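These notes are about the structure you will find just below.
First listed ligand is number 1; within each ligand, the first listed atom is number 1. All figures in this text were calculated on a predicted structure; none of them were measured in a lab. As a basis for the values below, the full set of heavy atoms in this structure was taken, side chains included, without hydrogen atoms, waters or symmetry mates.
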Amino acid sequence: MQAVTLGPAGTYSHRAARAVADEVAFRESVSAIVDAVDTGTYDRGVVPIENSIEGSVTETLDAIADANIAVTREIVTPIRHALLAQSDSFSTVASHSQALAQCRTYLETEYPNATLEAVTSTARGVERAREDASVAGIGHPDNAGDGLRVLAEDIQDRSSNATRFFVLAPASERSDAGGKSTVVVYPNANYPGLLLELLEAFAERDINLSRIESRPSGNRLGDYLFHIDFEAGLYEERAQEALESVDDIASRGWVKRLGSYDTQHVLY
Ligand SMILES: O=C(O)C(=O)Cc1ccccc1
């Protein structure tokens, strides 16, 4: 099986993707990965969804809300960042915006004068460091290879730093089996108690929510989509009943069932 994920080789997404596919191809943006699965170019895509320090990867939430795909697994992996450069005389630190944010305190304390440069992935930042002695990258220490030194390890602001990835598949592979499910709800309505009604649909059936995230619909200010993860499979009657109730609440909008799935913990 071939999977597509965030490149170039050496990203954290690449490490997660190796757990689901023997061959991994790369794109330089999350939207391009979601698109490649949606259009059938690849059978699987692996995208970061949320981080324990920095929260949601909003580009992923927006791309999956728009696409016709399924979520077939979640992968949770610890993230341990290293600072990689040719020497310690660099003036710019280049990395993925999430990695720069996860190391904010370390960078402010140790390199207060460095310029931070957001690039498309951690591995892209490491490539910049390999080509340019004035640049350091933040990424997995295994990316050092020839020509780069590991100047510091474990530089994230909290020792417990984990990222959750979604494994995406074509919509036809959506499964009702699994311990968790994800839906995106667009109520296209705004009245007192709307969100309470949505939450009650799950609470009344004893279904635990593990995440709820609002994203702007893009249609008008104050209008939102809700990304909801809950701890039940779509095969379960209580989940089906909860979603019937959610369908009623969102009768002026839509409810997208992305699928049920299990969790895989990947260590490296
Ligand atoms: O840039 C990467 O390596 C990614 O896979 C995205 C990312 C960045 C920081 C933490 C986890 C995932």
How far is [atom] from the closest protein heavy atom, and which atom is that?
atom	result
atom 2 (C) of ligand 1	T122 OG1, 3.3 Å
atom 4 (C) of ligand 1	S13 OG, 3.5 Å
atom 11 (C) of ligand 1	T163 OG1, 3.6 Å
atom 12 (C) of ligand 1	Y12 CB, 4.0 Å

- Query: Relative to each other, are the rings of Y12 and H81 parallel, tilted or perpendicular (30° and 60° limits)?
  - Reply: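 Plane angle over 60°, so perpendicular.
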- Examine the proximity of ligand 1 to Q102 and report which part, side chain or backbone, both or neither, has a heavy atom under 4.0 Å away.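 The part of Q102 near ligand 1 is the side chain, not the backbone.
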- Query: Are any non-hydrogen side-chain atoms of H14 and F26 less than 4.5 angstrom apart?
  - Reply: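 They are in side-chain contact.
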- Message: Show, in sequence, the C-alpha distance, side-chain angles and deciding distance for H227 and R215, and conclude whether the side chain to side chain contact (heavy atoms under 4.5 Å, CB included) test is met.
- Response: CA-CA 8 Å; H227 291 248; R215 290 292 302 151; 4.0 Å; yes
- Quick one: which ligand 1 atoms are inside 4.0 Å of a heavy atom on S121?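 The list of qualifying atoms is 1 (O).
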- Item | Enumerated ligand 1 atoms positioned under 4.0 Å from heavy atoms of T11 |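 Those atoms are 2 (C), 3 (O), 5 (O).
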- Test item, N51 contacting ligand 1 (heavy atom, 4.0 angstrom):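 No, that is not the case, since the closest heavy atom of the residue is not under 4.0 Å from the ligand.
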- Ignoring hydrogens and geometry, is there a side-chain-to-backbone donor-acceptor pair from S217 to N219 under 3.5 Å?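 Flag set: sc S217 to bb N219 pair under 3.5 Å.
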- Message: Before we go on, tell me: are the rings of F90 and Y111 under 6.0 Å apart, centre to centre?
- Response: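 Yes: the rings meet the under 6.0 Å criterion.
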- Task: May I ask you to check whether F166 and Y261 place their ring centres under 6.0 Å from each other?
- Result: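 Aromatic pair counts; centres sit under 6.0 Å.
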